[in-house]
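Below is one structure, written out as structure tokens; comments come after it.
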Protein chains: 2
Amino acid sequence: MKKKRTKPKAEIIPDSKNKINIWLVEDNISYRKTLTGLINRSPGLYCPQAFATCEETILMLQTEPFPNVILLDIGLPGMSGIEGIEKFKEITPNTHVLILTVYDDNDKVFNAICAGASGYLLKDSSPEKIVSSIEEVLAGGAPMNMQIARKVLKMFSRFTPKKKDYGLTEREKEILQFLLTGLTKQQIAEKLFISFHTVNTHLKNIYNKLHVNTRSGAISKVFRENII
Amino acid sequence: MKKKRTKPKAEIIPDSKNKINIWLVEDNISYRKTLTGLINRSPGLYCPQAFATCEETILMLQTEPFPNVILLDIGLPGMSGIEGIEKFKEITPNTHVLILTVYDDNDKVFNAICAGASGYLLKDSSPEKIVSSIEEVLAGGAPMNMQIARKVLKMFSRFTPKKKDYGLTEREKEILQFLLTGLTKQQIAEKLFISFHTVNTHLKNIYNKLHVNTRSGAISKVFRENII
DNA sequence: CACAAAATACCACGTTCGTGCGATTGTTAA
DNA sequence: TTAACAATCGCACGAACGTGGTATTTTGTG
């Protein structure tokens, strides 16, 4: 629920008409001013709000119209930027959150993206890069510094479906699927229109192939090793 | 094991000294020629080999020195580009594979990256973008078209640890961990130096909290929803 | 302190599981 | 035509599970 309201401000703020509305969350005062200036000097961009903490930002989201983009630092006093993303996204899911930080460790990058960040920039980015990234975000992109992009791809490939092959047949995989849902042998038999005994046999074979001897072991193996 | 060998060729090939060695895998003849030309006209780049299939490429990898970058199409006759990536990476893990294709569906992108692609370009990319992307790959980046980058981030956020809270206590989580390994109630009891009956009680409570009534259901829920 | 929540413990009963056998049919590759 | 494999079906039995109770002790918080 956006509330449109003209708010008197001491500073000179650019005309908001047809401009991209950008909020800034950055605790370093001088960098914040630099960025605000940079954005407001860019045609088409408009930065009416700048905060030092996520908490303040969240408060303002209660009363002000939602921004198109939030430019967010991660190393903030109080609530971290990562937590901030989640909160922002709960309040206004359509607002893009663009991370601008000094941190480039896997953990921060991973968590930020999982939390819903639309892009991830490092603070050594040039002013031009920052401005173009804001535009890119709105054009449906996901701007990242190249080292970040590489990290992201590497993280991704760690999710590789390794798919060790235990030589399961199609029927066995099918039955395994039903195991995962917590069905009993009898229930599986009914689902597949076969005898209880047949399911029993399949289960025996599955256990043999997976080198387990309980449902629990089988199910855990399926999830941990991305079988099926 | 790289074998350096000067190979007589009918075509005029640029000097390989200090140039980035790029191989091209693309089944469309005219596009292949266009790209080869583009690369060889770029200072610092050098494309001595171009193939129509992964199979040919793999053969050549047996005898020729490994390239720095392989520019790879996905929609190929015979072995698909996705499979190709895996094979290439097995043979020469340090060679970067840069995808250049028309396909932008989640599945292809996901699989390509999981297989180890260093970048993902669409065929509507400008020649300049292609050349700069090759350079970016070698500079440690991961060039992607902006729509691809967005897709990648979105896929990532699907891995979000949602962590629904079912109000499990620490002890209950502990017992849940042992469930995953396939232990019986008695075995869990021994591990924790408590009575079999206590484990039984905990299990009852866990099932209640997770709204399941079998070990299988509990285990599946744990994996699917990232509990614990 | 008081009260709630968590952890502990016990029992009984019917259900389901895992595993030891054996067996028939159909398909597929050698 | 064999041989191998997959899928089907059957039985029996001890072990483990899930669920209904009840009850005591420990821990933590207002």
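Convention: sequence-line order gives letters A, B, ...; per-chain numbering from 1.
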Plane angle bin for B/Phe223 and A/Phe223 - parallel if under 30°, tilted between 30 and 60°, otherwise perpendicular: parallel
Which residues share a side chain to side chain donor-acceptor pair (under 3.5 Å) with B/Thr201, sequence neighbours left out: none
First and last nucleotide of DNA chain D, 5' to 3', lying under 4.0 Å from heavy atoms of chain A: D/dA6 to D/dC11
With sequence neighbours excluded, residues passing side-chain contact (heavy atoms from CB on, under 4.5 Å) with B/Asn208: none
Any residue meeting side chain to side chain donor-acceptor pair (under 3.5 Å) with B/Gln187, in chain and number order, not counting sequence neighbours: B/Thr184
Which residues share a side-chain contact (heavy atoms from CB on, under 4.5 Å) with A/Glu55, sequence neighbours left out: A/Thr53, A/Met79
Pair listing, salt bridge (charged side-chain N to carboxylate O under 4.0 Å, His left out) test, anchored in residues 191-214 of chain B, at least two apart: B/Glu172-B/Lys209
Heavy-atom pair with the smallest gap, counting every atom of A/Gly84 and A/Cys54: CA-SG, 3.7 Å
Check: B/Ser220 side chain, B/Ser216 main-chain N or O, donor-acceptor pair, under 3.5 Å: yes
Five-pair end axes of the helix from C/dC1-D/dG30 to C/dA30-D/dT1, angle between them (10°): 60°
Contacting residues from residues 204-215 of chain A, given that a heavy atom lies under 4.0 angstrom of DNA chain D: A/Lys204
A/Leu122 CG to A/Tyr103 OH distance, which is reported to the nearest 0.5 Å: 12.5 Å
Those residues that, when tested against A/Asn200, pass side chain to side chain donor-acceptor pair (under 3.5 Å) (two or more places apart): A/Lys185
Residue pairs fulfilling salt bridge (charged side-chain N to carboxylate O under 4.0 Å, His left out) with at least one residue in residues 65-80 of chain B, sequence neighbours excluded: B/Asp73-B/Lys123
Listed partners of B/Glu90 passing side chain to side chain donor-acceptor pair (under 3.5 Å), at least two apart: none
Of residues 181-198 of chain A, the positions that come close to DNA chain C - non-hydrogen atoms, cut-off under 4.0 Å: A/Thr184, A/Lys185
